[in-house]
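Since the structure comes first, as structure tokens, the remarks are kept for the end.
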Amino acid sequence: MQNRSPNAAEGIDVSRYQGTIDWKRVRADGKSFAFIKASQGQRYVDPTFITNAKGIRAAGLLLGAYHFVDATSVNAAKAEARHFAEVLDQVGGAKALDLPAVMDYENNPGKLNSAAIHEVALAFLTEFERVSGRKPIVYTGNAFAAHFKAPLGSYKLWIARYSTRVPSDTTAWKSWDFWQYSDSGRVDGIQGPVDLNVYAGTEAELRQAFAGEEGEEPMTAEEKAAFKALQQQVAALENSRDVLKQTLNEQSAYIKKVDQRVAELEARQAMPVPAWAKEAMAAAVTVNPASPIVDAKLPSSYDFYRLLVVLNRLGIFKTTK
């Protein structure tokens, strides 16, 4: 395969293992693109995916995303492809990415033979394109790429080879589009090591290469302005939704307190004789046992019992012998 070009665009790929990233510093350090982990298997979602996507877009880097394949069958591969597409919907879908979505297939947990590995890869790629509407690319190691047959050569290649030596030709590919040449790089804005990548051309060529992918015409200046305005409207709506949600939560908490208070007041309107009013109640009944002025068996209100206590203290219920 070819060597890197002079002034080639430099980039990185990250996952949760890189922790919190200052993407503006990454951009200032000369990196122009980043692939971030989105998902793995049929359920896993990288917890830093959304945060990294927002940070990359705000810093002006080109955004790509990848899925780590665990599948050991064609059906599992299709399920993983659908999962990947659903995760990407959280950032606008595969078509909203600056760079193609990536199938990361680099190991063989099921100890499959080369033919089965190829079928798993092809099933994932075709299913993802079907559900997302965008053709993905392949990431793999230089040695693992030997499992793939010639038909996969129609997909762009992101190859891993940690060396200054260029990657070797394979059955499916004789050139690379992205080359991951180190897994121990140091980049400003990231604590610890990070994977380093290079594109097969300059940053301008990289931006141009994927601006109108899949035969679509690039957006005009008016369309870009309209799209940006739409994104701003969506952001405003999301912010309004968050404010409304907070308001509703506060109102719900207030209504709950009111309901509790009403229940307390209602309970005080039909309560049994409290201990502190029993003496007054007994005195009121004793005044005329044959026809008592109160019925001790019926619940009454808190205020009524207070009145009985006051009247008893005033001697109203005293009987004369």
Side-chain angles (χ1 to χ4, degrees), residues 14-24 36-60 63 65 82-97 189 225-285 293-314 316-317:
V14 300
S15 66
R16 67 183 180 88
Y17 295 108
Q18 276 66 49
T20 301
I21 298 173
D22 187 333
W23 286 104
K24 290 184 179 179
I36 59 176
K37 185 172 185 178
S39 52
Q40 179 172 342
Q42 296 184 35
R43 295 184 179 181
Y44 179 80
V45 179
D46 189 290
T48 63
F49 172 59
I50 300 296
T51 300
N52 280 335
K54 290 180 178 179
I56 288 169
R57 284 172 168 165
L63 171 63
R82 293 191 292 270
H83 172 53
F84 185 26
E86 290 171 359
V87 173
L88 292 183
D89 285 341
Q90 299 178 41
V91 295
K95 291 184 178 180
L97 300 176
F227 183 69
K228 184 176 182 180
L230 181 60
Q231 286 181 313
Q232 292 173 340
Q233 291 175 5
V234 171
L237 287 173
E238 289 179 344
N239 183 63
S240 298
R241 178 199 61 191
D242 294 339
V243 172
L244 179 59
K245 184 177 180 181
Q246 182 178 357
T247 301
L248 290 174
N249 288 339
E250 292 174 352
Q251 290 181 344
S252 178
Y254 176 75
I255 291 172
K256 185 176 180 180
K257 289 181 179 179
V258 170
D259 288 343
Q260 291 174 343
R261 182 57 178 161
V262 169
E264 292 172 0
L265 292 175
E266 289 178 343
R268 291 178 64 174
Q269 297 303 311
M271 58 187 296
V273 181
W276 49 267
K278 287 184 176 180
E279 181 181 343
M281 176 62 76
V285 172
I293 62 175
V294 296
D295 189 341
K297 296 181 180 180
L298 294 177
S300 191
S301 69
Y302 176 85
D303 292 334
F304 176 76
Y305 294 126
R306 285 184 60 192
L307 177 61
L308 285 184
V309 171
V310 172
L311 293 175
N312 187 49
R313 290 176 179 173
L314 293 174
I316 301 301
F317 301 140

Return all side-chain donor-acceptor pairs below 3.5 angstrom for residues 47-55, not counting sequence neighbours, or 'none' if the list is empty.
residue, atom, partner, partner atom, Å
T48, OG1, D46, OD1, 2.5
T48, OG1, N52, ND2, 3.2
N52, OD1, W23, NE1, 3.2
N52, ND2, T48, O, 3.3

Checklist entry - Do any N or O atoms from the side chain of T247 and from the backbone of V243 form a donor-acceptor pair under 3.5 angstrom? => result yes
Checklist entry - Any donor-acceptor pair under 3.5 Å linking the side chain of H83 with the backbone of V45? => result no
Checklist entry - Would one find more than 12 heavy atoms of other residues, nucleotides or ligands at under 6.0 Å from atom CD of Q90? => result yes
Item to check | Minimal non-hydrogen separation, A284 against L308, with atom names | outcome: CB-CD2, 4.3 Å
Checklist entry - What are the two closest heavy atoms between P299 and P272, and how far apart are they? => result CB-N, 4.3 Å
Checklist entry - Side-chain contact, heavy-atom cut-off 4.5 Å: M281 with F317? => result no
Checklist entry - So which heavy atom on F304 is nearest to which on V294, and how close? => result CZ-CG1, 3.6 Å
Checklist entry - Pick one: which of K37, Q42, R43 meets side-chain hydrogen bond (donor to acceptor under 3.5 Å, both in side chains) with Q40? => result K37
Checklist outcome for this item: For A38 and L88, the nearest pair of non-hydrogen atoms, with its separation, is CB-CD2, 4.2 Å
Next on the checklist: Please find the pair of heavy atoms, one from S300 and one from Y305, that lie closest to each other, and give the distance.
Outcome noted: N-OH, 3.1 Å
Item to check | L307 side, atom CG; Y302 side, atom OH - distance, nearest 0.5 Å | outcome: 12.5 Å
